[in-house]
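What follows is a short report on a single structure.
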Amino acid sequence: MITILLTILKIIGIFLLVILGLVLLILCLVLFVPVKYRAKGAKHPEEMGVSAFISYLRPLVRVRVSYPAEQIVSVKILWFDLLKPREETKGGMRKEKAAGKKTDRDKKETFSEESSDQQKNPEVKNVGESNTGRKEPVEMNPERDQSSQNREERDTSKREKAEEKSDKKAKKKTDKKAPDSEEASSEKAENKIVAIAALLWQYKEMYPDVLGKVFRALKTILPRKCNIHLIFGTGAPETTGYLYAAYCALGEYLPGTIEFEPVWMESYLDVEFELGGKIRLIHFVTAAVKIIADKRVRHFISEIRRI
């Protein structure tokens, strides 16, 4: 008996270890395996084209995006296509529209055939006729009709009066409550704004640390391969000069090679770019853990919730 229990426990333990191993493997793949991306494009005065490729464990997941093209988005997992080309979807839509048109035509043809049959056969029976073809007499009593009409008019007038009274009462109540509610809501909003501003000023010392951690995580998204050639002009020399000055000041800190040629006297845009990089989720997870682990941040969040 003991040996049977031990074997059962052994099987359960092996099963749990296998599940834990699979969970750890999936977590490691999600956190440490990068998502690779590449993008190419050009915008000329006469034409434009952009294409991008995203892959994760490259034979596993592949996504292609291109514009303008017949196939805008394609997603593949191993050898299976999750999104079909655009031509097939268009063909299916056209077939459905054609089938719908055919059904409408069939309905019109059947309706026309029925009307032609009625014209050809004058013996078709109208509503209110008997089997012999003679019209049945319809009993009419004008006094009853007038009395019923008078009752209906009285009922409608009573309903309208009751609705008017109820509307007037509701308007009076809303007119009394509206100014009070507006004043109370405005006061609450002002108090919240003042309290939030005071909290932001109180915790101003933690902003550089938090922003530094966020920017370090965002740096990992920046493309390692970056080649951009830009010929640009806004049409106004002043704004073009401001943009060119910003490029000259920040050009050393930008990744890759970026060439900016200003056009001073006209609005013009001509761009050619090529990008490529990797994104790892572990960088964002570590940055989020570091930010949440800070006591000042947690205290700041709790104070905002109380407001």
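All residue numbers in this chain count up from 1 along the given sequence. Atom set for the values below is all heavy atoms of this structure, side chains included, hydrogens, waters and symmetry mates excluded.
Both Ile19 and Leu27 are part of a single hydrophobic cluster, where members link through side-chain heavy atoms under 4.5 Å apart. Criterion: ILVMFWY side-chain heavy atoms under 4.5 Å apart, direct or through other members. Under it, Val297 and Leu211 are part of a common hydrophobic cluster. There is a path of hydrophobic side-chain contacts, each under 4.5 Å, that joins Val285 to Ile26. By the criterion of side-chain heavy atoms lying less than 4.5 angstrom apart, applied directly or through intervening Ile, Leu, Val, Met, Phe, Trp or Tyr residues, Leu222 is not grouped with Val214; the two fall into different hydrophobic clusters. Residues Tyr242 and Tyr247 are members of separate hydrophobic clusters, defined by side-chain heavy-atom contacts under 4.5 angstrom among Ile, Leu, Val, Met, Phe, Trp and Tyr.
The side-chain heavy atoms of Tyr207 and Leu200, taken from C-beta on, include a pair separated by under 4.5 Å. No side-chain heavy atom of Ile258 sits less than 4.5 Å from a side-chain heavy atom of Leu230. Between Ile54 and Lys36 there is no side-chain heavy-atom pair separated by less than 4.5 Å. Side-chain contact check for Arg64 versus Ser51: every heavy-atom pair is 4.5 Å or farther apart. Taking the side chain as every heavy atom from C-beta outward, Leu20 and Leu22 never approach each other to under 4.5 Å.
A distance of 7.0 Å separates NZ of Lys213 from NZ of Lys290, quoted to the nearest 0.5 Å. Between the CZ atom in Phe273 and the NZ atom in Lys43 there is a gap of 12.0 Å [rounded to 0.5 Å]. Here Lys40 contributes atom NZ and Leu275 contributes atom CG; the two are 11.0 Å apart, rounded to the nearest 0.5 Å. Considering CD1 of Ile292 and CD1 of Ile301, their distance stands at 7.0 Å, rounded to 0.5 Å. Distance check: Asp294 CG to Phe300 CZ gives 12.0 Å after rounding to the nearest 0.5 Å. With rounding to the nearest 0.5 angstrom, the CG atom of Leu17 is 10.5 Å from the CG atom of Leu24.
Other members of the cluster containing Ile231 are Val263, Tyr268, with ILVMFWY side chains joined at under 4.5 Å, either directly or via other members. Grouped with Ile193 in a hydrophobic cluster is no other residue, since no side-chain heavy-atom contact under 4.5 Å to another Ile, Leu, Val, Met, Phe, Trp or Tyr is found. Side-chain contacts under 4.5 Å among hydrophobic residues (ILVMFWY), followed directly or transitively, place Ile12 together with Ile4, Ile8, Leu16.
Only one option out of Leu25, Leu281, Ile282 pairs with Val30 in a side chain to side chain contact (heavy atoms under 4.5 Å, CB included); it is Leu281. No option in Val35, Ile279, Val63, Ile77 other than Val35 meets the side chain to side chain contact (heavy atoms under 4.5 Å, CB included) test with Tyr56. The side chain to side chain donor-acceptor pair (under 3.5 Å) test with His229 singles out one residue from Glu259, Glu274, Glu272, and that residue is Glu259. Under the side chain to side chain donor-acceptor pair (under 3.5 Å) rule, Tyr203 has a single partner from His299, Glu303, Arg296, which is His299.
When all heavy atoms of Gly49 and Pro68 are compared, the pair lying nearest together is CA-CD, 3.9 Å. Of all heavy-atom pairs spanning Ile221 and Tyr37, the tightest one is O-OH, 2.7 Å.
Between the side chains of Thr234 and Thr240, at least one donor-acceptor pair of N or O atoms lies under 3.5 Å.
With a 6.0 Å radius and a threshold of 12 heavy atoms from other residues, nucleotides or ligands, Lys76 has its NZ atom at or below the threshold. Heavy-atom neighbours of Phe15 CZ from other residues, nucleotides or ligands within 6.0 Å: at or below the threshold of 12.
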Determine, step by step, whether Leu199 and Ile304 satisfy the side chain to side chain contact (heavy atoms under 4.5 Å, CB included) criterion, reporting the C-alpha distance in whole Å, the side-chain angles of both residues, the deciding distance to 0.1 Å, and the verdict.
CA-CA 8 Å; Leu199 273 175; Ile304 285 175; 4.1 Å; yes
Could you go through Ile228 and Thr257, starting from their C-alpha distance and side-chain angles, then the distance that decides it, and tell me whether this counts as side chain to side chain contact (heavy atoms under 4.5 Å, CB included)?
CA-CA 6 Å; Ile228 300 172; Thr257 58; over 6 Å; no
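The six-membered or imidazole ring of Tyr244 lies near that of Phe260, with a centre-to-centre distance under 6.0 Å.
For the pair Arg280 (side chain) and Pro34 (backbone), a donor-acceptor distance under 3.5 Å is absent.
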